[in-house]
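Down below is the structure, laid out as structure tokens.
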Amino acid sequence: MGYLATGSLSRLKSVIVIAGYCTGLFFHEMFIFYLPFVLSIFYLKTKKLNSPEIYVLAILSIIIVAVIYYFGGEINQGKSIGILKNRGVEFAYFNIFNYDKIEDPTFIGRVYISFSLFIAELLFVISQFGYYIYKFHKRYFSKFLLINILSLIFVAPLFYLGVDWFRWLNTYCVLLGLIVILILPDREKNEELFNHIPTIKSFVIIAPVFFILFFIHIQYDASGSSVSGTIMYFKTKLDHFTGR
């Protein structure tokens, strides 16, 4: 996606990106949940919703996912976990490999604090980007909102079916960052740059809050999704610094 977002868009680049994305679907079909981002980058590069690249990529992606769904086997094929176990990996009762939303539909509800923090962190990032677009490039703000709405709808099934949200949120935010970069003006044009005082002020306010929230989240998960364990962690650190 970085390759697609940078530089001019040639026919060769379009072919390489579309072929690479479609090939990636066979290696990891979860690519499909981020399709709106790829289509959005093509749209921002071509300035056309009806560009051939968008049609070709959307149609090929749907066909490939349908083929995988109807003719593919199990994702694991019974080998991945065996390979990891043979190499000494010890699995806890709960892990991302054996999680099954159908068999355990209440897990996310039982640790709702962790997943609420995931959502809050994502909203922080979207809000920071959105503030900048609204403040300095308002003509793109409606497109920014639409891209996020479509992308969140597309990625929602992935979040529903699995629990390893950290990496999926990271992927979402990186791709959203590419979208924002595309919206920025070219350097040779006499337009706004990124170092506006209001932008810096908003970053100084939002970024520390985000990272404090993120750090608390990590400690919460590391303590076994336990509020008491998280409180004990910070109490231990405070006692250490105060010399108690």
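This structure is a prediction, so every number in the text was calculated from the model and none was measured. In this chain, residues are counted from 1 in sequence order.
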### Task
Look only at the side chain of K13 and the backbone of S8, and say whether a donor-acceptor pair between them is shorter than 3.5 Å.
yes
### Query
Is any side-chain heavy atom of S14 less than 4.5 Å from a side-chain heavy atom of L9?
yes
Going by atom type alone, with no hydrogens or angles, which donor-acceptor pairs under 3.5 Å involve a side-chain atom of residues 173-180 and a protein atom two or more places apart or on another chain?
none

### Task
Output all residues satisfying side chain to side chain contact (heavy atoms under 4.5 Å, CB included) with V89, sequence neighbours left out; order by chain, then residue number.
L84, F91
### Query
Any link between V125 and I149 through a network of hydrophobic side chains (Ile, Leu, Val, Met, Phe, Trp, Tyr) touching at under 4.5 Å?
no
### Query
Taking atom CD1 of I64 and atom CD of E29, what is their separation to the nearest 0.5 Å?
11.5 Å
### Message
So, using side chain to side chain contact (heavy atoms under 4.5 Å, CB included) as the criterion, who are the partners of L213 when residues are at least two apart?
### Response
L117, A120, E121, F124
### Query
Does I16 have any side chain to side chain contact (heavy atoms under 4.5 Å, CB included) partners at least two apart in sequence or in another chain, and if so, which?
Y3, L12
List, one per line, each side-chain donor-acceptor pair under 3.5 Å for residues 19-27, sequence neighbours excluded.
from	atom 1	to	atom 2	distance (Å)
Y21	OH	F31	O	2.8
T23	OG1	A19	O	2.7

#### Entry: Smallest separation among heavy atoms of F154 and I32, with atom names
CD2-O, 3.5 Å
### Summary
Applying side-chain hydrogen bond (donor to acceptor under 3.5 Å, both in side chains) to T46 and not counting sequence neighbours gives none
### Message
Tell me whether W165 contacts the main-chain N or O of F159 through its side chain, where contact means a donor paired with an acceptor under 3.5 Å.
### Response
yes
### Message
Looking at H137 and I183, would you say the former's side chain and the latter's main chain have a donor-acceptor pair under 3.5 Å?
### Response
no
### Message
Would you compute the distance between atom CE of M1 and atom CG of L4 and round it to the nearest 0.5 angstrom?
### Response
5.5 Å
### L150-L145 co-clustered via ILVMFWY side chain contacts under 4.5 Å
no
### Query
Have N148 and Y172 got a donor and an acceptor in their side chains that come within less than 3.5 Å?
yes
### Task
Grab the two heavy atoms, one from I218 and one from F166, that are nearest each other, plus how far apart they are.
CG1-CZ, 4.5 Å
### Message
Contact between L158 and M30 at the side-chain level, heavy atoms closer than 4.5 Å - yes or no?
### Response
yes
### Task
Would you sort out whether F129 and Y132 count as a ring-ring contact (aromatic ring centres under 6.0 Å, His included), showing the intermediate values?
CA-CA 5 Å; F129 281 136; Y132 177 77; 8.7 Å; no
### Message
Using the rule that Ile, Leu, Val, Met, Phe, Trp and Tyr join whenever any side-chain heavy atoms are under 4.5 Å apart, tell me whether Y160 and Y69 fall into a single cluster.
### Response
no
### Query
I62, L35: one ILVMFWY side-chain cluster at the under-4.5 Å cut-off?
no
### Task
Give me the ring orientation class for F141 and F144: parallel if the planes are under 30° apart, tilted from 30 to 60°, perpendicular past 60°.
parallel
## Note on the structure
Here the gap from T171 atom OG1 to R167 atom CZ, rounded to the nearest 0.5 Å, amounts to 8.0 Å
### Side chain proximity check, Q128 to F210, heavy atoms < 4.5 angstrom
no
### Message
Could you report the tightest heavy-atom contact between A58 and L39, atom names first, then the distance?
### Response
N-CD2, 4.3 Å
### Query
Given V17 and I41, is the side-chain contact (heavy atoms from CB on, under 4.5 Å) satisfied, shown in steps?
CA-CA 11 Å; V17 170; I41 293 176; over 6 Å; no
### Query
Does the side-chain contact (heavy atoms from CB on, under 4.5 Å) test come out yes or no for F42 and I18, once each step is laid out?
CA-CA 10 Å; F42 269 120; I18 292 173; 4.1 Å; yes
### Query
Is the backbone N or O of F215 less than 3.5 Å from a side-chain atom of Y220, with the two atoms forming a donor-acceptor pair by type?
no
### Message
side-chain contact (heavy atoms from CB on, under 4.5 Å), that's the test. Do F33 and W168 meet it? Break it down for me.
### Response
CA-CA 10 Å; F33 294 108; W168 297 331; over 6 Å; no
### Task
Report yes if the side chains of T236 and M232 come closer than 4.5 Å at any heavy-atom pair, otherwise no.
yes
### Query
So, the side chain of K138 versus the backbone of I133: is there a donor-acceptor pair under 3.5 Å, distance only?
no
#### Entry: Whether F214 and F211 hold their rings parallel, tilted or perpendicular, with breakpoints at 30° and 60°
perpendicular
## Note on the structure
dist L182:CG -> S40:OG (nearest 0.5 Å) comes out at 10.0 Å
#### Entry: Same apolar cluster (I L V M F W Y, side chains within < 4.5 Å links), F71/I68
no
### Query
Do L152 and L122 have side chains that get closer than 4.5 Å, going by heavy atoms?
yes
### Query
Is it true that F118 and F115 have ring centroids separated by less than 6.0 Å?
yes
